[in-house]
There are 2 protein chains.
Amino acid sequence: MVVELELSDDDVNRIFRALADATRRDIVRRTLVADVSVSQLADAYVMSFAAVQKHVAVLEEARLVTKQPRGRERMVRGNPDRIRQAQRLLTQFEHVWRSRIDRLDALLDEDHDN
Amino acid sequence: MVVELELSDDDVNRIFRALADATRRDIVRRTLVADVSVSQLADAYVMSFAAVQKHVAVLEEARLVTKQPRGRERMVRGNPDRIRQAQRLLTQFEHVWRSRIDRLDALLDEDHDN
DNA sequence: GTATCGTGCAACCAAATGGTTGTAGAACTT
DNA sequence: AAGTTCTACAACCATTTGGTTGCACGATAC
């Protein structure tokens with residue numbers, strides 16, 4: 001079930017902010033491919049466990065990943081719905097742009113009449 | 001002519017970072033619709049001229065907008081190519097996700113044989 | 001020529017970010 | 001029961017961010 005709720009400005013801020021870091025983008029990639037524990041993620045980067053933990057927390061607050069307990073581990077799973085929502089935001093910009101193009105085209109048509 | 005060059009990690013960082021602020025997203029929207037001077041933008045927000053100037057600078061470094069002199073004003077123009085590039089980045093995540101789905105489907109098919 | 005407008009830039013400040021180490025507890029292993 | 005693994009969280013630190021004010025300067029208006 002896809003939860004389709006309105007995104008607040010803060011939601012959008014958190015999503016793009018979370019994506020503005022190469023390590024976090026890599027975490028999203030990995031956890032979209034398969035569920036990965038936090039310590040498995042930590043092994044993949046040359047920073048402390050706590051640092052990776054913080055990155056995961058940022059992604060979690062942006063709902064770009066979810067965490068679910070499995071024994072003593074926390075499995076991190078990428079959330080494709082959220083990615084799609086971000087994509088749609090950029091599509092909206094695309095629409096704004098197209099409307100400008102259309103207006104410029106209309107102006108050209110008017111000129112054509114003169 | 002659309003310049004189609006490879007985006008570095010830092011480029012991507014700057015793009016998403018720039019989009020992670022509501023004021024900056026609004027500036028992008030406005031300047032996609034029509035060219036707007038920096039002072040016109042400044043009038044639209046309840047912050048100092050210098051603050052708006054800084055936001056424009058962040059967008060400019062991310063190449064989400066360009067600035068061109070017109071008399072004493074600097075006209076800010078949104079760059080739709082850059083938006084599209086950001087969109088494409090998210091599409092790549094989409095592909096990663098689909099490949100996972102496909103693999104899970106393949107597993108289900110194997111189960112079906114048993 | 002003088003005043004005003006639009007801009008750029010520096011200096012400053014508080015808060016957020018991205019990293020560290022250390023401590024503690026829950027869940028497995030032996 | 002004791003040791004190890006995985007996680008959470010706090011405290012700390014340097015840097016970046018997002019805002020401010022003030023000043024300098026080119027372009028326009030009077």
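The chains referred to below are lettered A, B, ... by the order of the sequence lines, with proteins before strands, and numbering in each begins at 1.
- Contacts between residues 25-42 of chain A and DNA chain D, defined by a heavy-atom separation below 4.0 Å, involve A:Ser37, A:Val38, A:Ser39, listed by number.
- A heavy atom closer than 4.0 Å to some atom of DNA chain D occurs in no member of residues 59-69 of chain B.
- In this structure, of D:dT21, C:dG18, D:dG18, it is D:dT21 that holds the atom nearest to the side chain of B:Ser48.
- Judged by closest nucleotide on DNA chain C, B:Met75 is the one of B:Met75 and A:Val58 placed further toward the 5' end.
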Only distances under 3.5 Å count here; give the side-chain donor-acceptor pairs of residues 27-34 of chain B to other protein atoms, sequence neighbours excluded, each with its distance to 0.1 Å.
residue	atom	partner	partner atom	Å
B:Arg29	NH1	B:Asp26	OD1	3.3
B:Arg30	NE	B:Asp26	OD2	2.8
B:Arg30	NE	B:Tyr45	OH	3.2
B:Thr31	OG1	B:Ile27	O	2.8
B:Thr31	OG1	B:Val28	O	3.2
B:Thr31	OG1	B:Gly78	N	3.4

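- Summarising the geometry, the separation between CG on A:Asp21 and C1' on C:dA16 is reported as 14 Å, rounded to the nearest angstrom.
- Residues passing the side-chain hydrogen bond (donor to acceptor under 3.5 Å, both in side chains) test with A:Arg25 are B:Asn13, sequence neighbours excluded.
- Listed candidates were D:dT7, C:dG18, C:dG8. Nearest to the side chain of B:Phe49 is C:dG8.
- Counting to the nearest Å, the C1' atom of D:dT17 and the CE atom of B:Met47 are 13 Å from each other.
- Partners of B:Thr23 by side-chain hydrogen bond (donor to acceptor under 3.5 Å, both in side chains), not counting sequence neighbours: none found.
- Contact annotation: A:His55 side-chain N/O to C:dT17 OP1/OP2 distance is not under 4.0 Å.
- Partners of A:Glu61 according to the salt bridge (Lys or Arg N to Asp or Glu O under 4.0 Å) rule, which considers only residues two or more places apart in sequence or in another chain, do not exist here.
- Taking each heavy atom of B:Ala51 and B:Met47 in turn, the nearest pair found is CB-SD, 3.7 Å.
- Relative to the side chain of B:Gln53, the nucleotides D:dA8, C:dG8, C:dA11 differ in distance, and C:dG8 lies closest.
- With sequence neighbours excluded, the residues forming a side-chain contact (heavy atoms from CB on, under 4.5 Å) with B:Asn79 are B:Asp81, B:Arg82, listed by chain and number.
- Residues passing the salt bridge (Lys or Arg N to Asp or Glu O under 4.0 Å) test with B:Arg72, sequence neighbours excluded: none.
- Partners of B:Ser48 under the side-chain hydrogen bond (donor to acceptor under 3.5 Å, both in side chains) rule, at least two apart in sequence or in another chain, do not exist in this structure.
- Closest of all the heavy-atom pairs between A:Phe16 and B:Leu19 is CD1-O, 3.4 Å.
- Following rounding to the nearest Å, A:Tyr45 (OH) and C:dT20 (P) show an atom-to-atom distance of 14 Å.
- Nearest-nucleotide mapping onto DNA chain C: of A:Val46 and B:Lys54, the residue sitting toward the 5' end is B:Lys54.
- Separating the CZ atom of B:Arg14 from the P atom of D:dT16 is a distance of 13 Å, rounded to the nearest angstrom.
- Partners of A:Val58 under the side-chain contact (heavy atoms from CB on, under 4.5 Å) rule, at least two apart in sequence or in another chain, are A:Ala18, A:Arg24.
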Which nucleotides of nucleotides 22-30 of chain C have their base under 4.0 Å from a protein heavy atom (B), which only their sugar-phosphate (S), and which neither (-), written as one string 5' to 3'?
-----BB--
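- In this view, B:Asp11 and B:Arg14 satisfy the salt bridge (Lys or Arg N to Asp or Glu O under 4.0 Å) rule, not counting sequence neighbours.
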